[in-house]
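Order of appearance sets the numbers: ligands from 1, and atoms from 1 within every ligand. Small disclaimer: the values here were computed from a predicted structure and weren't measured.
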Amino acid sequence: MTSGTYTEPHEPGPEIPLAGGDVTEGVVRVGDTVRRPVGPNAPLVHALLRHLEEVGFAGAPRFLGIDAAGREVLTFVPGEVAGRPRPAWIADEERLASVGRLVRDYDDAVAGFVVPEGVRPGYGFAEPPGMPPKPPYPAELVGHMDCTPDNIVFRGGEAAALIDFDMAKPVARVEEALNVMLYWAPLGDPADADPPLREVNVPRRCRIVADAYGMSGADRSRLVEVAVLRTRRAWFSMKQIAEERGGGWARMWEEGVGDRIKRREAWLEREAKAIDAALTAP
Ligand SMILES: Nc1ncnc2c1ncn2[C@@H]1O[C@H](COP(=O)(O)OP(=O)(O)O)[C@@H](O)[C@H]1O
Ligand SMILES: [Mg+2]
């Protein structure tokens, strides 16, 4: 895969740092573009963004090439990103439904995308010892899989675009819907939630996502099972990424992300019935 060199249309303007991400240092805005360091998953992401452009999917930045400094160049997507501290509107149910619809639209747009020959999705790590098994559902598409409030651009109060495709990988649809619930329902001990989401009705919000996404009945009844398995695996993979990549990943681990994952697992066991009932009720 050749990435293509980006030709500056004119003398580039000043570099404005873009805060809000957790792990990528040096994300900047330059005019109507964003420049980001090229990550290990870039061969997949660049092909994916080109596919989305080809099929006319409007809810993602365009990949424009690699600049003279070796950074990826993307279109800047105008709008509102939650940032920190989290705004009260992340609790809004209309916005939540719009996130579910956007992610469904993305999944439908990407469904025809085939991972190019020779491209290995992910960070290229072997599974660490003790890693529990994956959910037994085959991949259906290359999911975004990082649908955090920092990675969704809103316009007019609606989710309009996904950004930051670094975590994209082949998954089953149920895993993508789960990823949305993880951050937006959210799934986890309420004490760990962002303040606007501490007292929300989580099972109800899971249902809103499921309906907006249009989850199948089979996927709804698998959701809790997949959530528990993914949570168990997340502890191992976060630890490994922190050790092997350092930087923001190591910082997150030091700040207790592992303990938070353990609390999520315990909370999921307690809430399993309520979430399952909300998802599968007629
Ligand atoms: N293409 C884009 N259009 C608009 N804003 C962007 C774009 N890319 C990044 N940003 C802004 O910069 C922040 C950090 O960029 P992101 O690509 O998410 O990096 P990280 O890997 O650190 O999460 C985002 O949360 C968003 O606010
Ligand atoms: Mg991000």
Side-chain angles (χ1 to χ4, degrees), residues 3-4 6 8-9 12-53 57-67 69-87 89-90 95 99 102-103 106 109 121-123 143-169 176 179-180 182-184 186 194 234 237-238 241-242 244-253 255 257:
S3 291
Y6 177 70
E8 306 286 349
E15 306 213 339
I16 304 159
L18 287 172
D22 278 320
V23 296
T24 310
E25 314 249 333
V27 182
V28 296
R29 177 176 179 179
V30 182
D32 293 335
T33 70
V34 169
R35 315 292 169 107
R36 298 174 93 246
V38 171
N41 205 22
L44 177 72
V45 173
H46 296 167
L48 175 62
L49 293 177
R50 288 214 156 111
H51 169 86
L52 295 176
E53 181 172 6
F57 178 68
R62 300 293 177 235
F63 172 60
L64 301 175
I66 302 292
D67 73 6
R71 300 173 298 188
E72 60 187 26
V73 185
L74 307 165
T75 53
F76 178 82
V77 181
E80 180 186 26
V81 179
R84 285 182 195 275
R86 296 291 189 223
W89 59 251
I90 64 166
R95 292 216 187 208
V99 172
L102 172 67
V103 174
Y106 162 74
Y123 284 88
H144 179 282
M145 294 302 285
D146 197 17
C147 303
T148 68
D150 291 312
N151 289 338
I152 297 184
V153 180
F154 287 78
R155 282 195 295 271
E158 279 204 32
L162 290 164
I163 55 177
D164 187 359
F165 287 73
D166 284 358
M167 306 297 275
K169 62 175 181 184
E176 185 92 305
N179 189 263
V180 174
L182 175 64
Y183 297 113
W184 290 90
D194 291 316
S237 53
M238 289 299 288
I241 297 176
E244 294 195 19
R245 291 209 69 192
W249 296 99
R251 198 166 52 241
M252 281 195 280
W253 189 260
E255 286 166 3
V257 72

Next item on the list: May I ask whether Asn151 has any heavy atom positioned less than 4.0 angstrom from an atom of ligand 1?
Entry: yes
Next item on the list: Report yes or no: does Asp164 have an N/O/S atom closer than 2.8 Å to the Mg ion (ligand 2)?
Entry: yes
Note to self: With a cut-off of 2.8 Å, does Asn151 put an N/O/S atom close enough to the Mg ion (ligand 2)?
What the structure shows: yes
Note to self: What verdict does the side-chain contact (heavy atoms from CB on, under 4.5 Å) test give for Tyr6 and Ile66, after you've listed the backbone C-alpha separation in whole Å, the side-chain angles of each residue and the deciding distance to 0.1 Å?
What the structure shows: CA-CA 5 Å; Tyr6 177 70; Ile66 302 292; 5.8 Å; no
Margin query: Can a donor-acceptor pair be found, under 3.5 Å and without considering hydrogens, that links the side chain of Arg155 to the backbone of Pro78?
Written below: yes
Next item on the list: Given side-chain contact (heavy atoms from CB on, under 4.5 Å), test Glu72 with His46 step by step and report yes or no.
Entry: CA-CA 9 Å; Glu72 60 187 26; His46 296 167; 2.7 Å; yes
Next item on the list: With atom 25 (O) of ligand 1 as the reference point, say which of Asp166, Asp150, Val27 has the nearest heavy atom.
Entry: Asp150
Check: Nearest heavy atom to atom 8 (N) of ligand 1: which of Thr75, Val73, Val34 does it belong to?
Finding: Val34
Check: When only distance counts, is Pro61 in polar contact with ligand 1, meaning an N/O pair under 3.5 Å?
Finding: no
Next item on the list: With heavy atoms only and a cut-off of under 4.0 Å, state how Arg36 meets ligand 1: side chain, backbone, both or neither.
Entry: side chain
Check: Side-chain donor-acceptor pair under 3.5 Å between Glu80 and Trp89, yes or no?
Finding: yes
Notebook entry, point to check: Under 3.5 Å, is there a donor-acceptor pair linking the side chains of Asn151 and Asp146?
Noted result: yes
Check: With a distance cut-off below 6.0 Å to the six-membered ring centre and an angular limit of 45° from the axis, does Arg50 pair with Phe63 as a cation-pi contact?
Finding: no
